[in-house]
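Written below as structure tokens is the structure these notes are about.
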Amino acid sequence: MPTTLSSNFSNNIKEFVVNEGNGVKGLSELGLKTLPKQYIQPLEERITTSTIIVDDSIPIIDMSNWDENNTKVCEKICNAAEKWGFFQIINHGIPLEVLDAVKDATYRFFRQSAEKKNKHSKENSTTNNVRYGTSFTPQAEKALEWKDYLSLFYVSDDEAAALWPSACRDESLEFLRNSDIVIKKLLKALMKGLNINQIDQTKESLLMGSKRINLNYYPKCPNPELTVGVGRHSDVSTLTILLQDNIGGLYVKKLDSNSWVHVPPIDGAIVINIGDALQLMSNGKYKSIEHRVMANGCNNRISVPIFVNPKPNDLIGPLPEVIKNGEKAIYKQVLYSDYVKHFFRKAHNGKETVDFAKIN
């Protein structure tokens, strides 16, 4: 197997990785000793030890006392949403076997041949709701990210049965189904923190009208210090529900600082983060925070996020209940699909998309 790239191959990396569907997994399996130049990130985008805080961590919230101790758990959730934008939940009620099964299914999907996976690429997929790809937006990025993904937009069980890859369909659906109760509990707590005590059908549809599940694969990387698994960004969701494996590599920016905090894997835990949509709806009370993933030189890593979103044709902005007492709106009402388009047409660049919705 080659360990260095011929100049001809080096110039055709995009062809091999993107167009032929080999992904960075295919690159990694060539046994390269050095990182291809297309993946070398500018210095300011790399994670360095000087910017990492080791004596701080995002909150860990035990949800086992949810019913008996509602107020206390609610307060912890709202506090974490305001001060960190990120927290981990334990004893959340999603069975461990469901979590293990979707992790196994992620490996199963990515172990398939490039040809099989590439059937679901942007160019070949029969639907926009199933998308296999690599990096984030290869056509807009100066430096590519060291990640492959499968993105599944949920419409209905019937559509999933017909169109989602069989290698991971059932396990992904099961994780989605089981996460529903947790999502509703979290949103109930977060709405209480905004003095909204009842989530009616209209509000529920606005908060969680659509869902997407991604299966992410970060293969072992030569020179991981020169690249990133995912560049710094905040999510466009209302909430993101993230299942990590035991490898680690997720870093969260500490509020009002330039420092980054590692999110350590905890067996059976789920990482929750506030997305831009909820930051806008809460008029900035809840924070969607920049985060990024470090590449790993020793291990393959996977993660499975569920993005809980408004529907594409929903208008998002400060909720009427939040600004009814005279609080000034700092965001305009924007069509959610416009917001998402703005996010996906550029490379990852921190929180710039939120500024798109700010009232000048």
* Asked: Checking side chain to side chain donor-acceptor pair (under 3.5 Å) for the pair Asp62/Ser64: CA distance, chi angles, key distance, verdict?
  -> CA-CA 6 Å; Asp62 187 341; Ser64 54; 2.6 Å; yes
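- Under the 4.5 Å side-chain heavy-atom criterion for ILVMFWY residues, a single connected hydrophobic cluster contains both Met208 and Ile89.
- Gln112 and Lys117 make their closest contact through O-CE, 3.2 Å (heavy atoms, listed as atom of the first residue, atom of the second, distance).
- Contact check for Trp146 versus Pro219: side-chain heavy atoms found under the 4.5 Å cut-off.
- Once rounded to the nearest 0.5 Å, the distance linking CG of Asp235 with CG of Asp276 reads 7.5 Å.
- Side-chain contact between Leu194 and Glu321 is absent, with no heavy atoms from C-beta onward closer than 4.5 Å.
- Shortest non-hydrogen contact noted between His120 and Leu150 is CB-CD1, 4.5 Å.
- With contacts defined as side-chain heavy-atom distances shorter than 4.5 Å, the pair Tyr39/Leu27 qualifies.
- Checking side-chain atoms of Asn283 against main-chain N and O of Pro318 turns up no donor-acceptor pair under 3.5 Å.
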Can you list the steps and then say if Thr134 with Asp148 is a side chain to side chain donor-acceptor pair (under 3.5 Å)?
CA-CA 4 Å; Thr134 188; Asp148 298 331; 2.7 Å; yes
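- Rounding to the nearest 0.5 Å places CG of Leu255 at 11.0 Å from CD of Glu290.
- Asn128 places none of its side-chain heavy atoms less than 4.5 Å from the side chain of Phe153.
- A distance-only check finds no donor-acceptor pair linking the side chain of Arg301 to the backbone of Asp245 [under 3.5 Å].
- Counting only distance, with no hydrogens or angles, the side chain of Tyr217 and the backbone of Phe109 share no donor-acceptor pair below 3.5 Å.
- The minimum heavy-atom distance linking Glu45 with Val228 is given by the pair O-CG1, 3.5 Å.
- Between the side chain of Lys285 and the backbone N or O of Gly193, at least one donor-acceptor pair lies under 3.5 Å.
- Each of Ile247 and Ile270 belongs to its own hydrophobic cluster when Ile, Leu, Val, Met, Phe, Trp and Tyr are linked at side-chain heavy-atom distances under 4.5 angstrom.
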Exercise. Can you check side-chain contact (heavy atoms from CB on, under 4.5 Å) on Leu144 and Val24, steps first, answer last?
Worked result: CA-CA 10 Å; Leu144 299 171; Val24 282; over 6 Å; no
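- Within the 3.5 Å criterion, the main-chain N or O of Asn216 finds no donor-acceptor partner in the side chain of Asn214.
- Salt bridge status for Arg177 with Glu174: present, with a side-chain N to carboxylate O gap under 4.0 Å.
- For the atom pair Lys192 NZ and Asn197 CG, the distance stands at 6.5 Å (nearest 0.5 Å).
- Here Ile60 contributes atom CD1 and Lys76 contributes atom NZ; the two are 11.0 Å apart, rounded to the nearest 0.5 Å.
- When the side chains of ILVMFWY residues are joined at heavy-atom separations under 4.5 Å, either directly or via intervening members, Leu215 and Val98 end up in a single hydrophobic cluster.
- Between the side chain of Asn223 and the main chain of Leu35, a donor-acceptor pair closer than 3.5 Å is present.
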Is there a side-chain contact (heavy atoms from CB on, under 4.5 Å) between Tyr132 and Asn124? Walk through the geometry before answering. CA-CA 10 Å; Tyr132 163 69; Asn124 302 324; over 6 Å; no
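- In Lys188, the NZ atom is not crowded: 12 or fewer heavy atoms of neighbouring residues, nucleotides or ligands sit closer than 6.0 Å.
- Judged by distance alone, with hydrogens and angles left aside, the side-chain atoms of Ser288 form no donor-acceptor pair with the main-chain N or O of Gln279 at under 3.5 Å.
- For Gln198, the CD atom sits in a loose shell: 12 or fewer heavy atoms of surrounding residues, nucleotides or ligands are nearer than 6.0 Å.
- When all heavy atoms are compared, the tightest approach of His92 to Met63 is CA-CB, 4.3 Å.
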- Message: Does Tyr336 form a side-chain contact (heavy atoms from CB on, under 4.5 Å) with Val236? I'd like the steps, not just the answer.
- Response: CA-CA 9 Å; Tyr336 187 63; Val236 293; 3.7 Å; yes
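- Formation of a donor-acceptor pair under 3.5 Å by the Lys25 side chain with backbone atoms of Asn22 is not found in this model.
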Could you walk me through whether Glu115 and Lys119 pass the salt bridge (charged side-chain N to carboxylate O under 4.0 Å, His left out) test, one step at a time?
CA-CA 7 Å; Glu115 194 183 8; Lys119 283 180 184 160; over 6 Å; no
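- Under the 3.5 Å distance criterion, the side-chain polar atoms of Asp314 are matched with a main-chain donor or acceptor of Lys311.
- For Asp267, the CG atom is loosely surrounded, since the number of other residues' heavy atoms within 6.0 Å does not exceed 12.
- The environment of CG in Asn313 is crowded: more than 12 heavy-atom neighbours from other residues, nucleotides or ligands sit within 6.0 Å.
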Passes side chain to side chain donor-acceptor pair (under 3.5 Å), Arg212 versus Ser151? Steps please. CA-CA 7 Å; Arg212 180 186 294 279; Ser151 186; 2.9 Å; yes
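- Classified by interplanar angle (parallel below 30°, tilted 30° to 60°, perpendicular above 60°), the ring pair His262/Tyr251 is tilted.
- Across all their heavy atoms, Ser172 and Leu152 have their closest contact at OG-CD1, 4.1 Å.
- In this structure, Phe86 and His291 have perpendicular ring planes: the angle between them is above 60°, well past the 30° mark.
- For CD1 of Ile181, the number of neighbouring non-hydrogen atoms (other residues, nucleotides, ligands) closer than 6.0 Å is 12 at most.
- When side chains are defined from C-beta on, Leu190 counts as touching Ile274, because their heavy atoms get closer than 4.5 Å.
- For the pair Met281/Val322, no side-chain contact is recorded, criterion being any heavy-atom separation below 4.5 Å from C-beta on.
- Between the side chain of Ser179 and the backbone N or O of Leu176, at least one donor-acceptor pair lies under 3.5 Å.
- Val73 and Ile183 fall within a single hydrophobic cluster, where Ile, Leu, Val, Met, Phe, Trp and Tyr are joined by side-chain heavy atoms under 4.5 Å apart, directly or via other members.
- The structure places CZ of Arg232 at 13.5 Å from CD1 of Ile289, a figure rounded to the nearest 0.5 Å.
- Salt-bridge annotation for Lys358 and Asp355: present, with a side-chain N of the basic residue lying under 4.0 Å from a carboxylate O of the acidic one.
- Across all their heavy atoms, Thr227 and Cys221 have their closest contact at CG2-SG, 3.7 Å.
- At least one side-chain heavy atom of Ser237 sits less than 4.5 Å from a side-chain heavy atom of Asn309.
- Asn273 CG to Ser234 OG: the interatomic distance, rounded to the nearest 0.5 Å, is 9.0 Å.
- Residues Ile94 and Leu239 share a single hydrophobic cluster, defined by chaining ILVMFWY side chains whose heavy atoms lie under 4.5 Å apart.
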- request: Given side-chain contact (heavy atoms from CB on, under 4.5 Å), test Asp100 with Lys103 step by step and report yes or no.
  value: CA-CA 5 Å; Asp100 288 340; Lys103 285 193 268 193; 3.8 Å; yes
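- By the neighbour-count criterion of 12 heavy atoms within 6.0 Å, atom NZ of Lys332 is densely surrounded, having more than that number from other residues, nucleotides or ligands.
- Contact check for Lys147 versus Val293: no side-chain heavy atoms found under the 4.5 Å cut-off.
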